[in-house]
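Report on the structure given below.
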Number of protein chains: 2
Amino acid sequence: MNDNSQLFKGTLTTVVLKLLNDNKKMYGYEITRKVKELTNGNIQLTEGALYPALHKLEADGLIESSIELAGNRQRKYYHLTKTGKKEIKLKLADFSSFIADIQNILNLKPSL
Amino acid sequence: MNDNSQLFKGTLTTVVLKLLNDNKKMYGYEITRKVKELTNGNIQLTEGALYPALHKLEADGLIESSIELAGNRQRKYYHLTKTGKKEIKLKLADFSSFIADIQNILNLKPSL
DNA sequence: TTTTTATACATAAGAATCTTAGGTATATTT
DNA sequence: AAATATACCTAAGATTCTTATGTATAAAAA
């Protein structure tokens, strides 16, 4: 992760759930590539952060996994559960509120 | 802190430096009130997070303190150092970049 | 063809940052 | 008189991350 890693804390699960919401199913390594692609290389998700986060989301019933094979190589695909679909809506709303609040303190440009 | 506490993580020092940048000098308790006021009560800074953060910022040379008395009660006022003034500019730029990146993933409304 | 890089999963030690809980003291409001 | 607000502080524990490491297959480069 880059110098914004401190800021990225707390958004990891929201990001994962949102990507799974938009892409139906994804595997871990794919998620790291997608985040890098969408942020022009600015955010590099570390696997040490991602995999435990995925395991926790699954333990909490927000996502489910299924193993698929690509040649001899295993991929563990994740998809949202019904609970996960509800949760991402809440998390996006929370994030919006947070940005509005922080905007009141930091006075950033509206384009941000 | 509220349910957005997870999101607020990592922004604490940015918020503190920005408030000191805008208000010249503030004391700890005043900072907690100001954050609450600016966020319509949504963000309640806990003292267990704030005071250690202030001490670290001072140890790092970004802020300096001076004790003043209000009646018999002590207030520890903080102000930015020259280094701190440079740092808050960097931190605001970092935060803007972060928001832009996260926006690419979460697809929030532009007004956010 | 050997080595490096990319893909793909995972865990564990340690660091950083926060919450929760407590402590001390003065001032004001109920 | 008691409760709340102001004002500082620390410490234990929880959470979440970084860094480092491990395993294995596939592809690219040397």
Side-chain angles (χ1 to χ4, degrees), chain A residues 1-17 19 25-37 41 43-60 62-63 65-78 91 98 102, chain B residues 1-17 19 25-37 41 43-60 62-63 65-78 91 94-95 98 102:
Chain A
M1 231 177 265
N2 65 0
D3 286 348
N4 286 338
S5 61
Q6 204 52 238
L7 298 169
F8 196 67
K9 287 188 179 180
T11 63
L12 178 55
T13 61
T14 303
V15 163
V16 168
L17 292 177
L19 288 177
K25 68 172 185 176
M26 297 180 85
Y27 55 97
Y29 189 77
E30 186 183 15
I31 292 175
T32 69
R33 297 301 98 185
K34 194 69 178 175
V35 167
K36 188 176 184 180
E37 174 199 333
I43 295 179
Q44 277 274 100
L45 249 183
T46 62
E47 297 181 328
L50 178 62
Y51 289 116
L54 286 169
H55 300 161
K56 184 170 192 311
L57 285 171
E58 187 166 30
D60 291 345
L62 303 182
I63 63 178
S65 63
S66 55
I67 305 283
E68 290 186 25
L69 286 178
N72 277 340
R73 194 183 279 158
Q74 281 194 344
R75 287 177 180 167
K76 196 170 178 182
Y77 279 92
Y78 291 94
K91 284 205 175 281
F98 164 69
I102 219 72
Chain B
M1 232 179 267
N2 64 0
D3 284 349
N4 286 337
S5 62
Q6 205 52 235
L7 298 169
F8 195 68
K9 286 187 179 183
T11 63
L12 178 54
T13 61
T14 303
V15 162
V16 168
L17 292 177
L19 288 177
K25 69 171 188 178
M26 296 181 84
Y27 55 99
Y29 189 77
E30 186 183 15
I31 292 174
T32 68
R33 295 302 97 185
K34 194 69 177 176
V35 167
K36 188 176 184 181
E37 174 199 332
I43 296 179
Q44 277 274 98
L45 250 184
T46 61
E47 297 182 329
L50 177 62
Y51 288 116
L54 287 170
H55 299 160
K56 185 171 191 310
L57 286 171
E58 187 166 29
D60 291 345
L62 302 181
I63 63 178
S65 64
S66 55
I67 305 283
E68 291 186 25
L69 286 179
N72 277 339
R73 194 184 279 159
Q74 281 194 346
R75 287 176 179 166
K76 196 170 177 182
Y77 279 94
Y78 291 93
K91 285 205 174 281
D94 283 349
F95 190 79
F98 164 69
I102 219 71

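Below, chain A is the first sequence line, B the second, and so on; all start at residue 1.
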Report summary line: Rounded to whole Å, the CG-P distance (L54(A) to dC17(D)) equals 12 Å

Query raised in the report: Does a side-chain N or O from Y27(B) land closer than 4.0 Å to OP1 or OP2 of dA7(D), or not?
Result: yes

Query raised in the report: Starting at CE of M26(A) and ending at C1' of dC9(C), how long is that distance when rounded to a whole Å?
Result: 16 Å

Query - Length of the CZ-C1' vector between R75(A) and dC9(C), whole Å - result: 12 Å

Report task. Respond yes when some side-chain nitrogen or oxygen of H55(B) is under 4.0 Å from OP1 or OP2 of dT10(D), and no when none is. Result -> yes

Query raised in the report: Quick one: does L12(A)'s side chain get under 4.5 Å of L45(A)'s, heavy atoms only?
Result: yes

Report summary line: Which of dT18(D), dA8(C), dC18(C) is nearest the side chain of L12(B)? It is dC18(C)

Requested in this report: Work out which heavy atom in Y78(B) is nearest to a heavy atom in H55(B); give both atom names and the distance.
Outcome: OH-CD2, 3.8 Å

Requested in this report: Rounded to the nearest angstrom, tell me the gap between atom CD in E68(A) and atom C1' in dA8(C).
Outcome: 14 Å

**Report entry** Atom pair distance, as rounded to whole Å: NZ in K34(A) and P in dA8(C)
**Finding:** 15 Å

**Report entry** Approximate separation, where rounding is to 0.5 Å, of L54(B) CG and I63(B) CD1
**Finding:** 5.0 Å

Requested in this report: State, with a plain yes or no, whether a side-chain heavy atom of Q74(A) is found less than 4.5 Å away from one of L69(A).
Outcome: yes

Report task. Could you say whether G48(A) or E30(B) is positioned toward the 5' end of DNA chain D, judged by the nucleotide with the nearest heavy atom to each? Result -> E30(B)

Query raised in the report: Could you write nucleotides 24-30 of chain C as a row of B, S and -, 5' to 3', where a protein heavy atom under 4.0 Å of any base atom gives B, of only sugar-phosphate atoms gives S, and otherwise -?
Result: --BS---

Report task. Round to the nearest Å and state the distance from Y77(A) atom OH to dA8(C) atom C1'. Result -> 11 Å

Report summary line: Result for 5'-nearest mapping on DNA chain C, choosing between A53(B) and E47(B), is A53(B)

Query raised in the report: Taking only N and O in the side chain of Y51(B), is any of them less than 4.0 Å away from OP1 or OP2 of dC8(D)?
Result: yes

Query - Closest contact, heavy atoms only, Y29(B) versus Y51(B) - result: N-OH, 3.7 Å

Query raised in the report: In whole angstrom, what separates K56(A)'s NZ from dC17(D)'s C1'?
Result: 14 Å

Query raised in the report: What are the two closest non-hydrogen atoms of K25(A) and E30(A), and how far apart are they?
Result: O-OE1, 4.2 Å

Query raised in the report: Hey, are the side chains of V35(B) and L19(B) touching, using non-hydrogen atoms and a 4.5 Å cut-off?
Result: yes

Query raised in the report: Roughly how many Å is it from CG in L50(A) to P in dA8(C), rounded to a whole number?
Result: 13 Å

**Report entry** side-chain N/O K76(A) vs dA10(C) OP1/OP2, d < 4.0 Å
**Finding:** yes

